[in-house]
Amino acid sequence: MENKFQRTHYCGEISENHIGSDVTLCGWIQTRRDHGGLIFIDLWDKEGIVQVVLNPQIDKLAHEQAQSLRGNFVIAVKGKVRARPADMVNPKLKTGKVEVYIDDLKILNKSKTPPFSAWEDAEVAEAIRLKYRYLDLRGEDLQRNLKMRYDITRVARDILHKRRFTEVETPMLTKSTPEGARDYLVPSRLNPQKFYALPQSPQLFKQILMVAGLDRYFQIVKCFRDEDLRMDRQPEFTQIDVEMSFVDEPQLFGLVEETVSAIYKEVLGIDIPVPFPVLKYKDAMARFGNDKPDLRFGLELIDVGEAVSGAEFKVFADALKAGGQVKAINVKKSAEALSRKALDDLAEVAKTYGAKGMAWIKVNPDGPQSPIVKFFKKEELDRLMGKVGGEVGDAIVFVADKPKVVADALANARLALGRQLGLIDENKICLTWITEFPLVEYDEAEKRYVALHHPFTSPFEEDLDKFETAPDQIRARAYDLVLNGNEIGGGSIRIHQKEVQERMFKLLGIGAEEAEIKFGFLLDALQYGAPPHGGIAFGLDRIAMLLAGARSIRDVIAFPKTQKAVCLMTQAPSEVDLKQMKELKLKYDLS
RNA sequence: GGGGUCGUAGUUCAGUUGGUUAGAACGCUGGCCUGUCACGUCAGAGGUCGCGAGUUCGAGUCUCGUCGGCCCCGCCA
C-alpha cells in the first residue's frame with residue numbers, strides 16, 4: 001500500500017541545500033507556538049529539530065488540524081523548504097536558516113502530557129526519569145551517550161576483526177562456581193532443585209575456546225554479579241572480553257593500546273600516546289595507596305615511618321610497634337587553603353576507610369602549627385620535614401595504622417584533596433597499566449588465601465617455589481588498565497598446565513574433590529593440548545561513561561537499575577504465578 | 001548489614017517559633033493573537049505534604065517506625 005507520507009529526510013538534516021524542495025518529515029512535536037493565524041512547530045527526530053510553519057493561506061485544512069496538536073504528538077508532514085527571511089534566522093538551530101511550509105499533515109499518534117520534557121534542562125528526579133525511561137532517552141544527552149557507546153563497540157569490533165579475532169557467543173545459562181561474586185541463579189525446570197548461574201564473566205569458556213584452537217576470541221557480552229550497586233556498578237554490565245593464544249604481555253598490551261587509542265581517535269578525535277606507562281602494583285600502592293591511581297595530579301604518599309620512629313607521639317609509635325606504617329602527603333603551598341574545617345573534613349574521609357584520625361602540620365612563616373608538633377624534638381621535626389620536603393606554606397597530613405588502612409585512608413584523602421584544591425585537569429587523559437599484582441592475599445575472615453584476580457591467573461614462573469613457603473609473595477601475571485583513577489580493564493596470562501592449576505586450587509583451599517566437581521571440565525580441557533594463553537576484559541559501561549563525561553554508568557545504559565537493583569520502568573524483579581513456581585518444583589515458603 | 005542525604009501540585013521548589021483557606025515558577029486546559037523560536041496575553045483547573053503510628057486543642061512542620069531515590073562503607077575473584 002502506498003504511503004503518501006513516506007519520509008524523505010530527517011528533520012535535523014534539512015538545510016539550505018534543500019530550499020525549494022518538497023520534503024516529507026516524521027517526528028515528535030517538541031514545541032508548538034500558536035499565533036492564531038500562524039502556527040510554528042519545532043519538529044524533532046534523532047537528528048535534530050526543524051521549524052515547520054502552518055499558514056492558513058497555504059493550506060487551510062492542515063492549519064486547522066494543527067490546532068489540536070500538542071507536545072510529543074507524532075506527526076508526518078509534507079511541505080516545501082524555504083529560506084527564512086534574514087531577520088528571522090535562528091542561529092541556535094542547525095536548521096535555523098530554513099523552515100518548512102506545510103501543505104499536508106497527518107497525526108500518526110497522540111501523546112499524553114508527559115511528566116517531564118526530555119528536551120528541557122530541568123533537573124528531574126532520577127526515579128521519575130527511570131520510570132519513563134523512553135521519555136528521558138529522547139533527550140540529547142542520552143541519545144548522544146548511546147550513540148557513543150555504539151561507536152566504541154564498533155571501533156573495537158573493527159580492530160579486533162582486522163587482527164583476526166572471532167566473536168563467539170558463550171552460554172548465559174551456565175554453572176555456578178565458587179570464588180568471586182554472588183551468582184544470579186536460574187532454576188532448571190527439567191532438573192528440579194538444580195540451578196544454572198548467569199555468568200559473572202565468560203572466563204572459563206574463553207579459555208576453553210583457546211584449547212579448542214580458536215586462537216583469538218572476543219565477545220561483547222553481558223555479565224552478572226549479584227552484589228550491591230554503586231554509581232559505576234550495575235548487576236548486569238557489559239564486557240569487551242578478549243582472549244589470545246601464544247601471547248605474552250607485550251603483544252597483548254600492544255593490541256589493547258591499539259584498540260583504546262583507536263577508540264579515542266575515532267570517537268572523540270583525540271590522539272593519545274602509546275605505549276601506556278606501566279606501574280607495578282607495589283609501586284602504585286606505595287606512591288598512591290591504591291591499585292588504580294589517578295595520575296592526573298601529584299600528592300604522592302611518603303613513608304615517614306623511619307623519620308618519626310624516635311618521636312614520643314604515641315599514635316605514631318604504637319602504629320609502628322604493631323607493624324604498621326606512618327605515611328604522609330605534603331600538600332604543597334596549601335597551608336592557607338586548608339582551613340581547620342577542611343582538615344577536619346579530610347579526617348572524616350580518612351575515618352571512613354578505617355583510620356582513627358588524621359594528624360597534620362602546617363608550616364607557617366612563624367613556625368610549625370600543629371596539634372602534634374609538641375611531641376617532636378627540634379631535630380626530629382627537622383628530620384621529618386626533610387623527609388617530606390616541608391617548606392613554608394606547606395600542609396602535611398599523616399595517617400598511622402595498619403598498611404591497608406593507611407593506604408585506603410590516604411589514597412582517598414589524596415583524591416579528595418585533588419578535587420578540592422582543583423589539581424585535577426579534566427582534559428587530561430592518564431592511561432596506565434598496573435602489573436605484578438600479588439597472586440593471592442590472606443583473607444582474615446575466611447582464614448585462607450583468596451585469589452586477588454581469579455584462580456586461573458598464572459603466577460610468575462620464578463615465583464613458583466613460593467607456593468608452599470610464602471604464597472603472598474607470589475606475583476601474578478595479571479594486569480589492569482587504569483584511566484584517570486578508574487579501573488577500565490583487567491586480565492592476565494592464564495594457567496595452561498593442569499599441575500599448576502591444581503597447585504593454585506590447593507593454595508586456595510579448594511580440595512581435589514571440590515575442584516573436580518566445580519572445575520573438572522577445565523582441568524580436563526587443560527590436559528588435551530591447552531596452549532599458553534591470556535586475555536583481558538574491558539568494562540564497556542565504565543569506558544563509555546568516562547568518554548561521554550557521564551557521572552554514572554546509568555547514563556550510558558539504556559535501561560539501568562536502581563541501587564536496589566530494581567528496574568523502575570518494568571518493575572522487575574516481580575512476584576511470579578504460583579503455577580510457574582510449581583513447574584520449577586521450587587521449595588518455597590508461603591508464611 | 002551499616003552511615004549520610006532527600007521525599008510538598010504533572011515537574012522544580014518555597015512554606016517562619018507547630019496555628020485557621022499549603023504558595024511560586026514552569027507545565028497543563030480554554031479564549032485572543034500572522035513571524036515566533038523561553039512567543040505574548042487573559043482566564044482557569046490542578047495537592048493522600050511518600051506511607052503508618054504517636055505527641056498536641058491543633059502537625060507539611062516535632063517524635064518513632066516504614067517505603068522509595070541518590071551517595072558512601074562493607075561487598076564486588
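Throughout, protein chains are lettered first and strands after them, A, B, ... in sequence-line order, and every chain is numbered starting at 1. The model shown is predicted, which means the values in this text are computed figures rather than measured ones. All values below were derived from every heavy atom in this structure, side-chain atoms included, with hydrogens, water molecules and symmetry-related copies excluded.
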Mind calculating the distance between CG (A:D42) and P (B:rG35) to the nearest angstrom?
17 Å
Could you pull out the protein-nucleic contacts involving nucleotides 12-15 of chain B (nitrogen or oxygen on both sides, under 3.5 Å)?
from	atom 1	to	atom 2	distance (Å)
B:rU12	OP1	A:A125	N	2.6

Answer for the Watson-Crick or wobble partner of B:rG44, both distances under 3.5 Å, is B:rC28
Between the base of B:rG35 and the side chain of A:Y101, is there a donor and acceptor pair under 3.5 angstrom?
yes
In Watson-Crick or G-U wobble terms, with both distances under 3.5 Å, the base opposite B:rA22 is none
Between the side chain of A:R233 and the main-chain N/O of A:D228, is any donor-acceptor distance below 3.5 Å?
yes
Nearest whole Å is fine: how far is B:rG10 P from A:D136 CG?
19 Å
Whole angstrom is fine here: how far is it from CZ in A:R32 over to C1' in B:rG35?
16 Å
Rounded to whole angstroms, how far apart are NE2 on A:H63 and C1' on B:rC33?
11 Å
Any donor-acceptor N/O pair under 3.5 Å between B:rU36 base and A:Q51 side chain:
yes
Mutual orientation of the aromatic rings belonging to A:F505 and A:F519 [parallel < 30°, tilted 30-60°, perpendicular > 60°]:
parallel
Distance under 6.0 Å and angle within 45° of ring axis: A:R503 vs A:F467
yes
Taking donor-acceptor contacts at under 3.5 Å, does the side chain of A:D228 reach the base of B:rG74?
yes
Touch class at under 4.0 angstrom, heavy-atom based, for A:S201 against every strand present
base
Could you say whether A:R554 or A:K564 is positioned toward the 5' end of RNA chain B, judged by the nucleotide with the nearest heavy atom to each?
A:K564
Within the modelled atom types, does a donor on one side and an acceptor on the other bring the side chain of A:R230 and the base of B:rG74 under 3.5 Å apart?
yes
Charged N to carboxylate O under 4.0 angstrom, A:D472 versus A:K466?
no
Integer-rounded Å distance: B:rC28 C1' and A:F116 CZ
16 Å
What's A:P115 touching, base or sugar-phosphate or nothing? Going by heavy atoms closer than 4.0 Å.
sugar-phosphate
Give the nucleotide from the list B:rC72, B:rC37, B:rA38 with an atom nearest to the side chain of A:L93.
B:rC37
A:W119 has an atom CH2; how far is it from atom C1' of B:rC26, in whole Å?
17 Å
Ignoring backbone atoms, test whether A:K92 places a side-chain nitrogen or oxygen under 4.0 Å from the OP1 or OP2 oxygen of B:rA38.
yes
Looking at the side chain of A:R33, which of B:rC73, B:rG35, B:rU36 is the nearest nucleotide?
B:rU36
Cationic N near anionic O, under 4.0 Å, A:E13 to A:K94
no
Scan A:R551 against the nucleic acid and name what it touches under 4.0 Å (heavy atoms): base, sugar-phosphate only, or nothing.
sugar-phosphate
Can you tell me if A:H35 is stacked onto the base of B:rC39, using a 5.5 Å centroid cut-off and an angle below 30°?
yes
Any strand counts, and the cut-off is 3.5 Å on both contacts for Watson-Crick or G-U wobble. Which nucleotide pairs with B:rU55?
none
Would you say the base of B:rC76 and the side-chain of A:R225 have a donor-acceptor pair closer than 3.5 Å?
no
Taking N and O atoms by type only, does the side chain of A:R84 place a donor or acceptor under 3.5 Å from a partner on the base of B:rC37?
yes
Identify whether NZ of Lys or CZ of Arg in A:R475 sits under 6.0 Å from the centre of the six-membered ring of A:F460 and within 45° of that ring's axis.
yes
Starting from the 5' end of RNA chain B, give me the residue, A:P85 or A:Q563, whose nearest nucleotide shows up first.
A:P85
Cation over ring, A:K46 on A:Y10, under 6.0 Å and within 45°?
yes
Between A:F205 and A:Y217, is the ring centroid distance below 6.0 Å?
no
Re B:rG7: Watson-Crick or G-U wobble partner, both distances kept under 3.5 Å, found to be B:rC67
Using a strict 4.0 Å threshold on nitrogen-to-oxygen distance, state whether A:D241 and A:K206 make a salt bridge.
yes
Does the ring of A:F40 meet both stacking tests against the six-membered base ring of B:rU36: centre distance under 5.5 Å and plane angle under 30°?
yes
